[in-house]
There are 2 protein chains.
Amino acid sequence: MVTLAEVARHAGVSASTVSYVLSGKRSISDKTRKRVRRSIRELGYHPNAGARALASSRSSIIALMVPLRSDMYVPVMMEIAITVSTTAREFGHDVLLLTDVEGPTAVRRVAGSGLADAVILMDVELDDERIPLLKEVGRPAALIGLPADASGLTCIDLDFTATGALCADHLADLGHREIAVVGEAASVYQRHTGFAERTLEGLRRRSDERGIKVIHRPCEGTYESTAGTLTRIFGERPGTTALVVQNEAAVGPLLSLLWQTGRAVPEDVSVVAICPEQVALQSSPQLTSVSIPAQEMGKRAVELVMAKIDGETPQELTLLEPHLTQRASSGPVLGTR
Amino acid sequence: MVTLAEVARHAGVSASTVSYVLSGKRSISDKTRKRVRRSIRELGYHPNAGARALASSRSSIIALMVPLRSDMYVPVMMEIAITVSTTAREFGHDVLLLTDVEGPTAVRRVAGSGLADAVILMDVELDDERIPLLKEVGRPAALIGLPADASGLTCIDLDFTATGALCADHLADLGHREIAVVGEAASVYQRHTGFAERTLEGLRRRSDERGIKVIHRPCEGTYESTAGTLTRIFGERPGTTALVVQNEAAVGPLLSLLWQTGRAVPEDVSVVAICPEQVALQSSPQLTSVSIPAQEMGKRAVELVMAKIDGETPQELTLLEPHLTQRASSGPVLGTR
DNA sequence: CTGAAAGCGCTAACAT
DNA sequence: ATGTTAGCGCTTTCAG
């Protein structure tokens, strides 16, 4: 294994010079830098990560804790994870993939051992048990999702309240007066993940303001449960002219079922989805949607922890503004009904 | 930060004793062990990862390189990643999430720097450019997927050739004589990922043996492309009574389209899928399928690299035997046609 | 069964 | 602009 000392000898300089060429933390003459770089290349030198971490007490690793739960839409998690990884690389960091099988104490382990310089938590719950541990270890951290009490934490999430309102506005503008929400699985609401409730709250409030009636039904996302949900909705509210779907798994079944039951989209029923762009685009018809900005969240989360590592104090709460893209699935209420 | 030395002082023993209590690499009297454990607990000691890595030249980290390509089914990648992570923990290791944005040299970086003790490559291509680097760095490694030349490598994959044959047998047993394969996107075949070709090869050979006619059409997996693929299939081969689908994205559209065009499954058309169990189960009707054993592959990959870290020499090639589960989507060819 | 001590390879003062 | 050097916290011989 090639060491820094060997590079130094080969280049005819001291160890610190090599170190500084690498880190750029002090000025080096062009000539020296070139010589050192050359030696590094010729010897095939790679700085030892452990030694570096020990000497600098920085591991250049960010821990990313992903949930194991299966009721979250997996591709979004993966997209976030990948964006976190690539963004971290832009900051010279790597990403450690943590699951919660170990329980919340994984946070303590990786932070306490200095394995990770910072922690990013995904799929944060309203009352997340990892949060106390996060505060205990005192490492820079960012949460993707919003806990009940975000004070002293750095959080990033889509503004789901505004998202709900945006959907209500869009449908109100199109003349809809009775709408229904096909929501997440009941377990998601029970778990108090927050985002689902916030969406509903924003949607209900805006709907009230605009004189729209709303009903909400959770949905497991299987074919059968979606069928049941639709039957209930149209049974209880035959005047329903629009659906807001916040459940990726239900989108496919929903559209099939509407087709099968002879309801044309958007002529008979408008559909607005809150989902990743990809889901909206590959549906038929393509869906009017508010997209989940997975990449943006992952990127910002990394930027936030990097800022904290550098001693900055970023704002506690970052709520990303939702954007609604109108596509083929929503339209005005037709005159005769 | 609590150090080992502080623990030693607190417990009234030497540093090495504390170290050995932790590693169990030499026998310690019960009394001493208890005292040390107590001090560790009371002081809240966590061994420093960097120091450990430096002194032992083992980082206890496995690098997992995931592809960025979007034509692979994401939930499977995630399932593998999570299984790798949890299995690695059982061996006292953590997992570093690497993407290929950095290019293949990421392998060199993490292995060369001692950041990772071993590397696991996902979604290996027939002629994967990461492989030469892997050999260069000489770290333990395992590949999920099969390159063209697997000599000197440790690979694990589903036996796709056998999978293809299994599908052919199942349909032959049910009396089918003309079958069609709805395959992966053309890009997957062009990229020579191997698994798609192997499936086809196994299916064709067995079909020949059993006197079945096969046609194969790639499919992008969108609604439109799936519709086009089906139209072509039934246009060219009106006598087709069964479909083998190897494309997760196409499964949903395919079933909807069959329904819409008045072809009952399985009465008019049998469908056999090669897909993750979850996809088969949440379809309607539930699909007869050969499942992709994501967890098994992840777990075995970790076990293989751990064995190599311990100096063992596991077999080069592990092909997991496919299992076909009959569900509601396949049945005998009906008499009158 | 336990202790002493020599590094592991690098960073970051402290010098000059 | 560069060199010297004292650690960083742990593992692991070598002694006893």
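The chains referred to below are lettered A, B, ... by the order of the sequence lines, with proteins before strands, and numbering in each begins at 1.
Closest of all the heavy-atom pairs between B/Leu97 and A/Ser85 is O-OG, 3.1 Å. B/Leu158 and B/Met297 get closest at one heavy-atom pair: N-SD, 3.9 Å.
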Nucleotide N/O of nucleotides 10-13 of chain C paired with protein N/O under 3.5 Å:
unit_1	atom_1	unit_2	atom_2	d
C/dC10	OP1	A/Tyr45	OH	2.3
C/dC10	OP1	A/Asn48	N	3.2
C/dC10	OP2	A/Leu4	N	2.2
C/dT11	OP1	A/Arg52	NE	2.7
C/dT11	OP2	A/Ser19	OG	2.9
C/dA12	OP2	A/Lys25	NZ	3.1
C/dA12	N7	A/Tyr20	OH	3.3

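Salt bridge A/Arg109/B/Asp94: present, at least one basic N to carboxylate O contact under 4.0 Å.
Residue A/Ser14 places none of its side-chain N or O atoms closer than 4.0 Å to OP1 or OP2 of D/dT4. Between B/Ser27 and the phosphate of C/dC1, there is a side-chain N or O to OP1/OP2 separation shorter than 4.0 Å.
In this structure, CG of A/Leu54 is placed 4 Å from C1' of D/dC8, rounded to the nearest angstrom.
B/Val302 places none of its side-chain heavy atoms less than 4.5 Å from the side chain of B/Glu90. Between B/Ile131 and B/Leu143 the shortest side-chain heavy-atom distance falls below 4.5 Å.
Using modelled atom types, one side-chain atom of A/Thr86 and one backbone atom of A/Thr83 make a donor-acceptor pair closer than 3.5 Å.
Residues from residues 28-39 of chain B that place a heavy atom under 4.0 Å from any atom of DNA chain D: there are none.
Partners of B/Thr154 by side-chain hydrogen bond (donor to acceptor under 3.5 Å, both in side chains), not counting sequence neighbours, listed by chain and number: B/Lys308.
A distance of 9.5 Å separates CG of A/Leu98 from CG of A/Leu121, quoted to the nearest 0.5 Å.
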